[in-house]
Structures are given as C-alpha cells and as structure tokens.
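Here's the structure, in structure tokens; my notes come after.
As the structure lists them, so they are numbered: ligands from 1, and atoms in each ligand from 1.
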Amino acid sequence: MTQKRILITGAAGFLGSHLCDRFIKEGFKVVAMDNLLTGNIKNIEHLFPLANFEYYHHDVTKFVHVPGDLDYILHFASPASPIDYLKMPIQTLKVGALGTHNLLGLARSKNARILVASTSEVYGDPMVHPQTEDYWGNVNPVGPRGVYDEAKRFMESITMAYHTYHNVDTRIIRIFNTYGPRMRLDDGRVLPAFIGQALRGEDLTAFGDGSQTRSFCYVDDLVEGIYRLLMSDYAYPVNIGNPDEITIGDFAEEIIRLTGTSSKIIYKPLPQDDPKQRKPDITKAKEILGWGPTINRSEGLKRTLEYFMTVIPKSV
Ligand SMILES: NC(=O)c1ccc[n+]([C@@H]2O[C@H](COP(=O)([O-])OP(=O)(O)OC[C@H]3O[C@@H](n4cnc5c(N)ncnc54)[C@H](O)[C@@H]3O)[C@@H](O)[C@H]2O)c1
C-alpha cells in the first residue's frame, strides 16, 4: 500500500499539533501549514527531524499551493479562543471564509478528502439541550462572538456546497470544548484560566453566577473522533465532545481541590452572548463512528495539570 499524504492547517496550534503526532504515528506523510498567528512552533518542533514531516509557513487566506499529491486535508487553522478572535475579528472571518474556500479548491484540484473543523459555537446560546446536529442554533451575527460563530457557519455552508456541486469528498466535525497539553495558559478559555490562576495562587475568576455549564473533552478522545470521521463515508456534521456536563462553579471547585490551592472563587459579570449551557448529543458519533469518550475529567485534568506545571515558572 502506498503511503498516504495529509495536509494539516493550523498545525502549530493546540489541536493541529496533536493531529500531526497522530497521523505521523499512523504512518502518514504529514504536511503541516501555519502562519503562527496563535500557534507555537514549539508544539511541532519535535517532528522537524522526521523524513515524513514537512512544514510550510503560510497564511491560508492567501492562495494555497502544495506541490505533489495529497490524499487528505484537515483544515484546523483559525483563532479559536474568545480572547484570540475578539482581538483578531477580521483574520477570524477571513480564515473561516477565504481560508476554507482556498482549501476546498485545493481538495478539488488534488482529488483529496477534506475535513473542516467546525465548532459547537455554531449552536450559539442554544435553545435545545443537549445539542443535536439537526439544531440550527441561536447566533447573534452582529454580537462580538459573531465573527467566530458566523465564520464557522459559513465554513459549513461552503463545504456542503463544494460537496454538492463539485463532488468534493468532505467531512464536517463540530468540536465541543476540548482540553489537554499544549493549550495556552493565556488563551482566555475557562480551563487554562482556572488552572493558571490556581497554580499562581490567585483567586479563580468565574463569569456569571457559576451556574452556566460546559462539557470538556480530553484531546486524545477528540483526535480519535477526528480520525474515525475522516476515515468514514459520512459527509454531514458530526458532534464530537464529552457529554459529561459541569457547572462553572463546580468546575472551579474541582480545580481548587485538584491543585490544593487556597484560592477563592470570585464572580464577574457574564460577557455578552456567552452560552449558558453546552453539552453535545453524541448519538450520531456513537452510531456512525462507534466513538465515545474514554478519558474521564479527573484523568484528563491530571495529565493537563502535569503539562501546565512544566510551563509555569517554578517560582510561582
Ligand atoms: N480547542 C477547542 O476546544 C476547539 C473547539 C471547537 C473548534 N475548534 C477548532 O479547532 C481548530 C484549532 O483550534 P485550537 O484550539 O487548536 O486553536 P489554536 O489557536 O491553538 O490553533 C489554531 C492554529 O491556526 C493557525 N492559524 C490561524 N490563522 C491562520 C491562517 N490564516 N493561516 C495559517 N494558520 C493560521 C494559528 O497560528 C494556530 O497555530 C480551530 O479551527 C478551532 O475553531 C477548537
């Protein structure tokens, strides 16, 4: 069997770097692409000596050229945390729209299968709970989060259009909150924010009254779901996430217990359009991919904490 070649955009980011590791392990030739807008080359530098690994520093909102054959494309380039996309709203819209268009064009010209990284944010502040793939969402297009949510909704639409009108082999994943090693401590997402504050002995800042919910999926489980979806023949969106739901208040207490800090929880007003609840319905992933999460929060948090202890200066 000939060795398969895969392009991964956003490769130096949190999820992209874990995907590079997984596809190298599966025996693929990996072409990594990133412009380091929010990523870190350190996440993939261990792969640079490998013959099966190439890196292109490139902005995918510009025309994307990759010499040679490609069998698969994973489009993961995009600012992904609220802090990042609120700081870079135009880049976020461009990478979801122009970037996705460029990569669909590349998939078409190479006859490659493409999987695009969508998000639970397409459901907005959901009126249906847990969220099923057939729920259309409740998104404010002109609110601050609209730049991310609508970019991803456009990404899904143009992907389906290339599937329908150009017969491109496409996959769409809706990723729910994922965590693990290589997240940035300062990316503003609740999990690294709490862990960073706890490890520095600061009070944990929770937004709202602590009753909003989130469901956190460990990165290795997500990567397995992505792998299975890519290898499946299913072209419609599939939720991948861990349905184990927890309130933000309880989660803050869990982090305080886990880190053994004497920090307290302080509550601040909820940001505009912040979703009140989040929990994936993963029936489809179970039925179509035989997928479900295998790593519970206490094990996942233990592994993540070990990573963060190596990146937080020893003096704190
Ligand atoms: N982490 C999550 O919980 C989560 C949830 C839902 C969806 N997603 C999606 O998964 C993808 C990866 O998210 P992440 O958490 O790894 O974020 P990340 O910020 O760590 O990684 C994104 C990467 O994309 C790169 N990038 C951004 N714009 C680019 C451009 N124009 N050209 C080339 N590279 C560019 C960044 O430099 C970075 O390395 C994103 O598309 C995000 O929307 C992530």
- Message: Just to confirm my output: which protein heavy-atom neighbour is closest to atom 11 (C) of ligand 1, and how far is it?
- Response: Phe76 O, 3.1 Å
- Message: Quick test of your reading of the model: are Glu253 and Lys264 salt-bridged, counting only N-O distances below 4.0 Å?
- Response: no
- Query: Taking the six-membered ring of Tyr179 as reference, does the NZ or CZ atom of Arg189 fall below 6.0 Å from its centre and within a 45° cone about the axis?
  - Reply: no
- Look at atom 7 (C) of ligand 1 and find which of Ser118, Gly180, Gly10 reaches it with the closest heavy atom. Ser118
- Message: Please tell me whether Gln277 and Thr213 have a donor and an acceptor in their side chains that are separated by less than 3.5 angstrom.
- Response: no
- Determine whether any heavy atom of Ala12 lies closer than 4.0 Å to an atom of ligand 1. yes
- Message: Checking contacts here: is it the side chain or the backbone of His75 that comes within 4.0 Å of ligand 1, counting heavy atoms only? Could be both or neither.
- Response: neither
- Do any heavy atoms of Gln91 fall under 4.0 Å from ligand 1? no
- Task: Using ring-ring contact (aromatic ring centres under 6.0 Å, His included) as the criterion, list what pairs up with Phe48, not counting sequence neighbours.
- Result: Phe53, Tyr55
- Task: Using a strict cut-off of 4.0 Å, indicate which atoms of ligand 1 neighbour a heavy atom of Gly13.
- Result: 20 (O), 21 (O), 38 (C), 39 (O)
- Query: Salt bridge between Asp274 and Arg214, side-chain N to carboxylate O under 4.0 Å?
  - Reply: yes
- Please identify which atoms of ligand 1 are closer than 4.0 Å to at least one heavy atom of Asp59. 30 (C), 31 (N), 32 (N)
- Message: Quick test of your reading of the structure: of Asn35, Thr100, Thr9, whose heavy atom lies closest to atom 30 (C) of ligand 1?
- Response: Asn35
- Residue-ligand contact His58/ligand 1, heavy atom below 4.0 Å: yes
- Note on the structure: Of Asn177, Thr38, Val60, Ile175, the residue with the heavy atom nearest atom 38 (C) of ligand 1 is Thr38
- Task: Indicate the atoms forming the closest heavy-atom contact of Met33 with Leu7, along with that distance.
- Result: CB-CD1, 4.0 Å
- Taking atom types as modelled and ignoring hydrogens, do the side chains of Ser17 and Arg182 form a donor-acceptor contact shorter than 3.5 angstrom? yes
- Minimum non-hydrogen distance to atom 13 (O) of ligand 1, winning option of Gly16, Ala80, Ala77: Ala80
- Task: Would you kindly specify which portion of Met33 sits under 4.0 Å from ligand 1, judged on non-hydrogen atoms: side chain, backbone, both or neither?
- Result: neither
- Message: Could you tell me, atom by atom, which parts of ligand 1 come under 4.0 Å of a heavy atom of Leu36?
- Response: 37 (O)
- Query: Hey, is Tyr179 touching ligand 1 through its side chain, its backbone, both or neither, going by heavy atoms under 4.0 Å?
  - Reply: neither
- For Asp69, look at atom CG and say whether over 12 heavy atoms of other residues, nucleotides or ligands are found less than 6.0 Å away. no
- Option with minimal heavy-atom separation from atom 8 (N) of ligand 1, where the choices are Tyr85, Phe216, Tyr148: Tyr148
- Message: To check your reading of the model: name the closest protein heavy atom to atom 15 (O) of ligand 1, its residue, and the distance in Å.
- Response: Arg189 NH2, 3.1 Å
- Query: Using 4.0 Å as the upper bound for N to carboxylate O, is an ion pair formed by Arg113 and Asp71?
  - Reply: no
